[in-house]
Every structure is written in C-alpha cells, then in structure tokens.
2 protein chains.
Amino acid sequence: MNLKELSQHLGLSQTTVSRALNGFPEVGEATRKRVLEAAETFQYRPNASARKLATGRAGAIGIVFSSERNMLLDPIFTDFLAGVATQCSRSDNDVLVSSAQGDEAGTYRRLARVRSVDALLLSSPTIDDPRIAMLQRLGMPLVVHGRTQTGLNYPYLDIDNEGAFHKATTLLIDLGHRRIGLLNENLRFTFATHRSQGWRRALTARGLAAPPELEGGARMTEENGYRMARGLFELSDPPTALLCSSIFLALGAMRAARETGRIVGKNLSLIAHDDGLDAIRPETLTPALTTTFSSIHAAGVRVAEIAMALANGADPTAAAEIWPVDLVFRGSTVPPAP
Amino acid sequence: MNLKELSQHLGLSQTTVSRALNGFPEVGEATRKRVLEAAETFQYRPNASARKLATGRAGAIGIVFSSERNMLLDPIFTDFLAGVATQCSRSDNDVLVSSAQGDEAGTYRRLARVRSVDALLLSSPTIDDPRIAMLQRLGMPLVVHGRTQTGLNYPYLDIDNEGAFHKATTLLIDLGHRRIGLLNENLRFTFATHRSQGWRRALTARGLAAPPELEGGARMTEENGYRMARGLFELSDPPTALLCSSIFLALGAMRAARETGRIVGKNLSLIAHDDGLDAIRPETLTPALTTTFSSIHAAGVRVAEIAMALANGADPTAAAEIWPVDLVFRGSTVPPAP
DNA sequence: CTGAAAGCGCTTACAG
DNA sequence: CTGAAAGCGCTTACAG
C-alpha cells in the first residue's frame, strides 16, 4: 500500500493524505481522523527513500567504524551504540554504521556526498583529530563524543575526565598515598590526556611528584593492564595505589597484584573508570572497586539527540556539554599499608 | 553535483552517463572513460535515496537491537557488527541499526514496511524464536546468526556449538575428570542448548552422569560466572573441571576458584568459549585458558555476505552453514588432582 | 551505441 | 480546508 492507493481508497488527494499523516495543522479534524484510521488499518508506511528524496533529509545519522581506532575493539562501544539507536528510533530516524577499512577519510567523504545521513557521530577523538576539520569543510553536520585540542568550534558531548581523575587522585592523596600510578589509554586520545592532566594537577597541587615512570598508556586491554601494573610494581619505589582508565585495565592490574603478593583493598588501592559495561560490574568484584562512573549509554542517547537537532537546523555552535563524573567509593580504596 | 549537471557538463544524456557509471556493457569505451574521469574530477556520487527509489532496492541490511536479548549487553556484539559493516562497505551497502524498545515485533514490521533495508540479520535466536516466522510472513529476507529449533527453513550461519562442547568435555574426561560443571547462558538461547547437549552427550557416551546440579544457565556476566561456580563448589561432590560459555563467565569462575582456595591449572581445570574479544585474551591470562574458539568477526562478514546475496535474489533455502570450532589447548586444563 | 521520456513514491509551493 | 501539479535525482524500458 502506497500513498496513491491509500488516497484513492479514501477519495482524497495525495496532498491531503500526506498532510494529515504528517500532522499539518490545516487539515480538517474529521478528515485527519479518517486518514489516520485508514493508515492504521492498511498498515501504511511511507516509503523511506521517496520521503528522503522529496525532503532532502536522509532521516539517519551515521557512525563510522575505524579499524585504526580502538573503538572497533572496544566492547563498551556497543552500549554507546545502543543508546544512539534507542534515541533515533524514538523519532523514526535510522542509524547507519559504516566501516572504514584503510581509507578513513575516503569513507567520510563518500558518506558526505551520498547524502545518506544528515549528521555524523565521532567517537573517542584524538587530540588533533583531522576528521572534524574535514567534515566541516564538506559541510556535513557532526557531533563529537569527546573533544579534541584543535581549538575548532564544533558540537560535542564529553564527560569531565580531567575532573574525575583529579577527584580520584585527590581522594587517594587524602587517604595518605604518595605514589599513585596511572594506567591509561594512549595519550593521543583526548580523554586519556585529560585524565592524565587531572592526575597530574591533583598531585602537584599537593606538592607531590607526577613522574613519567608512574604513568602508562596503551590500548585498554586486560593484558596491557597486567603489563603496565607489573612494570610499576617492579619500580624501586612502587606505587601504593593505581588509577585505571577502564575496567579491563583494572582486571589486568588486579591479576598483577595477586601475582606479586598484593591484596587490593589491603596493601594496594585501586580506582577504575567505569563506563557501565554490564558484563563486568565493578561493584560485584572482590573487593568491590571504587570507580569514576559515567553512563556511556546515556551519552549515546544525548549525542543522538544533538545530532538530530543539528540535522533539523539547530545552531552547531550552541551544543557543548561536559558531564560531571561520579566518584563511587568502594572497598578497593584504603589508606596505604603502614 | 548531480547526474543532470554532470551529463550537461559532458554533453551527454543522463541515460548514457548513468549507464557508464553503472558499468552497462553497451556504452562506448571512449565515452565510458570520459564519464568516469569527469565523475572522479567532480567527486560525483549518486544520491542514495534517488537510486533506492528508482531501483526499489534499499542497498542496506538491518540489525535490530533488542533490550530483551542479551545482545545489547553483550560486548562481543561489537565485533560481530564490525564484521558486518566491513563486508557491507565492500559492496557499497549500508548497515542500519535499529533499536526495539518494548515492541520488538512492531519494530520488525515497521522495517519491513518502510523498505529501508533489503534484508535483516538476526542474532542469538532462542530455540522457538518467533521473529523468523514473522519476517517470512512479511516477505522480508533474513539470515540468522545461529539457529532455532522451530523446524522452519531459513538461511543461517552457525558454529558447531554442540560439537565444540562435546569435544571439550571429552578432552576433560580423557584427562580423568568425572565431575564436569557447565556454566552456560540461559537454555532458551539455542547456542546454550546446543552446548548443553554437547556436554551431556560426551558424558553419557562415557557412561558418566550429567546431573542438573552440575549445569547452570544465566546471562553471561562475570558475576553470574562467580555465583554459579560458587554454587558448584559448595556441592558435596564438587566438579574438578568447568566449561564456561564465555570469557566473562570464566573470569567469574576464576574468582570463585581463588576464593575457595582452588588453583586453576592445578586442582581445577577450565575451558572457556572464546569469541575473539580483544579486550580480554584467554591466552594471556594466568594460567592461559584452554578455549573453544570461533571468530565472531568472521561470522559477521559471512552473514553480511549471505544477506546481500539474498537481497540480490539468491535462493533463501540454499544458505546453511555450520562452522567447525577449534579446541585450543592451554595451561588451564590438567588431569584432576589426585 | 545513444537519448527522450516515464516512473519510483513521496512532499510542498501555489491556487482556489 | 483541499487539490492539481511540479519536483526531488536517479534508473530503465523503448525507440532509433
């Protein structure tokens, strides 16, 4: 059943039926009711392509998978995507996932030209991420989950990574720790740089050193957490507390702790950033992990919302949000062993 | 730049330019060359919606996120999706992700009516999954990653879960184990049922019991792995070996082992199913975990391939693949302690 | 080998 | 409040 058939059935013009369906105010109440009922009866759905062609709007937002980025390997991305998809389906928008194997710039350029999305979502940007300038040049609306340090003006939603790790570090200092290690993602990612800055600022604010030997950055896998922690434990003056940028790094750190005879929550303190991954909950581990928490699902919802506003012509300079991050205190964080 | 402008620039009709671009054989070689060069120069890309409308093909395949299914919470899904996206982008197809909040059937129905996808992908079906019959009724091509036990005929790609867990169980029996526990997903998922069957078949083939007390099924989280393992360890005759349906369940089981004074690879054996999740690699844990392995990324690639063939009119009854699963022997699997 | 024209199924000025 | 008609940007019989 298409619009033509539906309107013929109703004895109305396509114009009127289309207007009734799309909620235009000038349609008579009785007419609208008839149209809506018929549409329901016949399960009429406007053809997406036709509507897109006529309106010039794609009714979709896009996300690009990049094999160079960690996102592909990042299980947490699923949760973000679910948030995006949920929000989009509320307003009958699609979300379109592309994969950039190799030529990432080319993929973005193609998406921009083909006009199959109204806006693009960028995740986990690097500090000098070139994608933003490129997409702006192509006139493609975009919203960034995270930030860059490029000085460009663009819509974004980020969490307060600097503040979160500042707060976490300060807590550890207040508990008496003086040597606090940081297991982080590679610093080319802005969120990692921000977390490093928060850690450093908290230490120097208390007159403590933030030596490079106490800081490690690598893809956030269990194994890298293990390796980095082992490295820190082998220092002549090893840390008594660790900050981990992800639950996976924390798992690896906990393994390293066990193997070196440390007991988390006794003679080693741990704080991990928790993205809300459901398969591993920090509160149910032994001991329960202190975390900095921000729901990545909620971020996905909000980012999609912003993207769709942009697609509808919202001011791209207006959207800039930095969400606070909770520090959730649990058993993994104690004063240093005497 | 659109087709009209491009053809005017070339002094050709839209027809010819369109045919040249789409590789139709009747176009003169010189003409084709000119057209291709001009298209390249002007970075011409056909408008996706217009093409879809004209051809009636959406050029996209769809995946529905369901909050009822574990897939939403399943980090491994990212990897599957990446495989799908990679394959689709090879042939310039889109992948469209929808979210079914609440009314899952309604979401599928809408997708079918709106014609924005040519085929649908179903993941982790339950044994009596109703979605397949529904989509077949709507005339929507689909391919299932996994199987049902409905007896319906549909295209699918599955891994040999029964065989994998049969093989793993047999290995443990051969090593001398007599009490082998199974930490599984809920049995309403077909893959869980198949794994349970493989476990049971191996045990009974050797005249061993497969008592329900040794089998647990729940969402595959670390915590549930911990809980189920704790439960098994409290039995009067506890298992000396465990089979885990996911790396997360295995992590929980390892934690339970530690807390009850067990040492994996010494007085407790462990085999986990590995989907190839990059954030936690079984081979780098302590001890390295024996696994049944099958790449979920590769499955995503192949499933997308099948879906696109179907969209192009391939025979839906022809595609049915069951991939073998490797058993990778590592340090977590030893004979029972004397 | 090339082109004029119809058509895909919508939306939306414009007219009444 | 309703409708006839043009147009969105492609593809594809049909004709030559």
Side-chain angles (χ1 to χ4, degrees), chain A residues 1-36 38-39 42-60 92-94 110 112-118 311-313, chain B residues 1-36 38-39 42-60 92 94 110 112-118 311-312:
Chain A
M1 167 82 49
N2 60 27
L3 184 62
K4 191 174 175 185
E5 292 162 351
L6 181 64
S7 45
Q8 275 168 354
H9 174 87
L10 284 160
L12 290 165
S13 71
Q14 292 188 212
T15 310
T16 300
V17 175
S18 172
R19 283 199 279 238
L21 257 20
N22 289 304
F24 281 54
E26 61 264 49
V27 181
E29 216 26 75
T31 312
R32 157 161 297 129
K33 191 142 174 283
R34 272 183 63 214
V35 171
L36 257 30
F42 296 110
Q43 290 261 43
Y44 167 75
R45 303 282 171 186
N47 177 294
S49 305
R51 163 178 274 174
K52 287 172 193 177
L53 183 56
T55 59
R57 293 238 359 240
D92 249 1
N93 279 65
D94 292 323
R110 191 182 67 80
R113 289 260 144 59
V114 157
R115 296 277 138 204
S116 45
V117 297
D118 297 315
N312 288 323
Chain B
M1 166 82 50
N2 62 25
L3 184 62
K4 192 173 175 185
E5 292 161 351
L6 181 64
S7 46
Q8 274 168 355
H9 174 88
L10 284 160
L12 290 166
S13 71
Q14 291 187 212
T15 309
T16 300
V17 175
S18 172
R19 282 198 279 239
L21 256 20
N22 289 303
F24 281 55
E26 60 263 47
V27 181
E29 215 27 75
T31 312
R32 155 162 298 128
K33 191 142 174 283
R34 272 184 62 214
V35 170
L36 257 29
F42 297 110
Q43 289 261 41
Y44 167 74
R45 303 282 172 185
N47 177 294
S49 305
R51 165 179 272 176
K52 287 173 192 177
L53 183 56
T55 60
R57 293 237 0 239
D92 249 1
D94 293 324
R110 191 181 67 81
R113 290 259 144 60
V114 156
R115 295 279 138 205
S116 45
V117 298
D118 297 317
N312 287 322

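Lettering follows sequence order; numbering is per chain, from 1. The analysis underlying the following values was restricted to heavy atoms, covering all of them including side chains, and did not include hydrogens, waters or symmetry mates.
B:Ser49 comes within 4.0 angstrom of nothing in the nucleic acid, heavy atoms only. A:Thr15 comes within contact range of at least one nucleobase, with a heavy-atom separation under 4.0 Å. Nucleic acid contact class of B:Gly56 (heavy atoms, under 4.0 Å, all strands): none. Counting any heavy atom pair closer than 4.0 Å across all strands shown, A:Thr55 reaches sugar-phosphate atoms only and no base atom.
Protein atom CZ of A:Arg57 is 13 Å distant from nucleotide atom P of C:dT11, rounded to whole Å. Rounded to a whole Å, the CD atom of B:Glu29 is 10 Å from the P atom of C:dT2. Rounded to whole Å, the distance from NZ on A:Lys4 to P on C:dT11 is 16 Å.
Place B:Pro25 and A:Ala50 on DNA chain C by their nearest nucleotides, and B:Pro25 ends up nearer the 5' end. Toward the 5′ end of DNA chain C lies the nearest nucleotide of B:Leu12, the other residue of the pair B:Leu12 and B:Ala54 mapping further downstream.
Evaluation of atom-type donor-acceptor distances gives a pair under 3.5 Å for the side chain of B:Arg19 against the base of C:dG3.
Between B:Tyr44 and D:dG9, a side-chain N or O to OP1/OP2 separation shorter than 4.0 Å is absent.
For the residue pair B:Ala311 and B:Asp118, the shortest heavy atom distance occurs at CB-CB, 3.4 Å.
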